[in-house]
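Following: one structure in C-alpha cells, then a few remarks.
The structure displayed is predicted, hence computed values, not measured ones. So that the names make sense, note that chain A is the first sequence line, chain B the second, and so on, each numbered from 1.
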2 protein chains.
Amino acid sequence: MEARAKVMKALGHPSRLFIVDELSFGERCVCELTEMIGADISTVSKHLTLLKKAGIVLDDRRGQQVFYRLRVPCILNFFGCIEAVVKETGGGE
Amino acid sequence: MEARAKVMKALGHPSRLFIVDELSFGERCVCELTEMIGADISTVSKHLTLLKKAGIVLDDRRGQQVFYRLRVPCILNFFGCIEAVVKETGGGE
DNA sequence: CCATCACTTGGCAATATAGCCAAGTTTCGG
DNA sequence: CCGAAACTTGGCTATATTGCCAAGTGATGG
C-alpha cells in the first residue's frame with residue numbers, strides 16, 4: 001500500500017496533474033511546461049523529479065533540453081473517474 | 001485541476017488506500033477498519049472524513065455504528081494501473 | 001575557453017498532514 | 001436518567017510539502 005500510495009500522492013497536486021494531462025498529448029520539455037504552469041522553473045523541475053521517482057514519467061535529454069513523457073499511459077484512464085467524483089460532489093465543497 | 005488533485009491526494013495515503021480497497025468488498029464500520037489498520041479510532045475517523053469530503057465514500061449511521069461504502073466504484077480501476085507503475089519501478093526506490 | 005541557455009539541486013520559510021490524547025456527541029441497554 | 005459503546009472534533013506536536021531564490025551542472029554557440 002505504501003508504494004501504491006506514493007504513486008497516488010504524486011498525482012495529488014494541481015501542477016503535476018496538469019503535467020500528466022499535458023504529456024498525454026506528447027512529450028514536452030521543462031521550459032514548455034514551466035511556461036504553461038507559470039511557476040519558477042526550479043519548482044516545475046522538482047515536480048517532474050517527483051513524478052519520475054513515482055515511476056509516472058520518463059525523461060530524455062536532447063541537447064540542452066530535457067523532454068518528459070508518460071511512462072504509464074493507463075494513468076490517463078483516471079481522469080474520467082476523477083471527473084465523475086468531482087461532478088458528484090458538485091465541484092463545490 | 002485543483003478539484004481533481006484533491007481527489008487524488010485523498011488517495012495518496014496507505015491507510016486511505018487500504019480503506020478504499022477494503023470497501024470494495026462491501027461496507028465496513030469505523031471499528032472494523034480501525035481494527036484492521038491498527039491506529040487510533042480518531043485517526044481512522046479523520047481519514048474517513050477526508051475521503052468523504054473528497055467525494056470518494058459515503059457514510060451511513062445505523063445505531064451506534066457508522067458504515068462507510070464507496071461512492072464511486074470506478075476508483076477500483078486505478079489499482080490495476082498503479083500496480084503496473086509500482087512493478088515497473090521495480091518496487092524499489 | 002567562455003558566456004549562455006536549460007535544467008537540477010540546496011537551502012529555507014510558510015503551510016499542510018499525520019496521529020495521538022482528550023473531550024464532546026449520538027445511540028442504546030438497563 | 002446513567003453509563004457505555006462507537007464515533008467525531010479539538011488541540012497539539014512532529015513531520016512532510018511547496019515554492020522561491022541562489023548556486024551548481026551540462027550542452028552549445030562563437
For DNA chain C, the residues among residues 16-44 of chain A that have a non-hydrogen atom under 4.0 Å from it: Cys29(A), Val30(A), Cys31(A), Ile41(A), Ser42(A)

Any N/O donor-acceptor pair, Gln64(B) side-chain to dA5(D) base, under 3.5 Å: yes

Asp60(A) CG - dA6(C) C1' separation (whole Å): 15 Å

Residue met sooner reading DNA chain D from 5', once Arg62(A) and Ser15(A) are mapped to nucleotides: Ser15(A)

His47(A) vs dG19(D): side-chain N/O to OP1/OP2 distance below 4.0 Å: yes

Distance, rounded to the nearest Å, where Leu50(A) contributes CG and dC7(C) contributes P: 18 Å

Whole angstrom value for the distance that separates C1' of dC7(C) from CG of Asp59(A): 11 Å

Salt bridge present between Arg62(B) and Glu27(B) (N-O < 4.0 angstrom): yes

Spacing of Lys87(B) atom NZ and Ile82(B) atom CD1 [to the nearest 0.5 Å]: 12.5 Å

Sugar-phosphate only, base, or nothing, as touched by Phe67(A) at under 4.0 Å among non-hydrogen atoms: nothing

Phe78(B) and Phe78(A) aromatic ring geometry - parallel, tilted or perpendicular at 30°/60° bounds: parallel

Spacing between Gln65(A) atom CD and dT28(D) atom C1', to the nearest angstrom: 12 Å

Residue Val66(B), side-chain heavy atoms: nucleotide from dT8(D), dA18(C), dC20(C) that is nearest: dT8(D)

Lys46(A) NZ - dA16(D) P separation (whole Å): 16 Å

Reported CZ-to-OG distance for the pair Phe79(B) and Ser24(B), which is rounded to 0.5 angstrom: 7.0 Å

Any donor-acceptor pair under 3.5 Å from Thr43(A) side chain to Ala39(A) backbone: no

Among dT17(C), dC7(D), dT9(D), the one nearest Lys9(B) by side-chain distance: dT17(C)

Under-4.0 Å side-chain N/O to phosphate OP1/OP2 contact, Tyr68(B) with dA6(D): no

Residues in disulfide (SG to SG under 2.5 Å) contact with Cys74(B), at least two apart in sequence or another chain: Cys81(A)

Interatomic distance, Leu51(B) CG vs dT17(C) C1' [rounded to whole Å]: 14 Å

Atom pair CG/OG1 of Asp40(A) and Thr34(A) - distance to nearest 0.5 Å: 8.0 Å

Residue Arg61(A), side-chain heavy atoms: nucleotide from dT26(C), dA27(D), dG11(C) that is nearest: dA27(D)

His13(B) NE2 to dT15(D) P, straight-line distance once rounded to whole Å: 15 Å

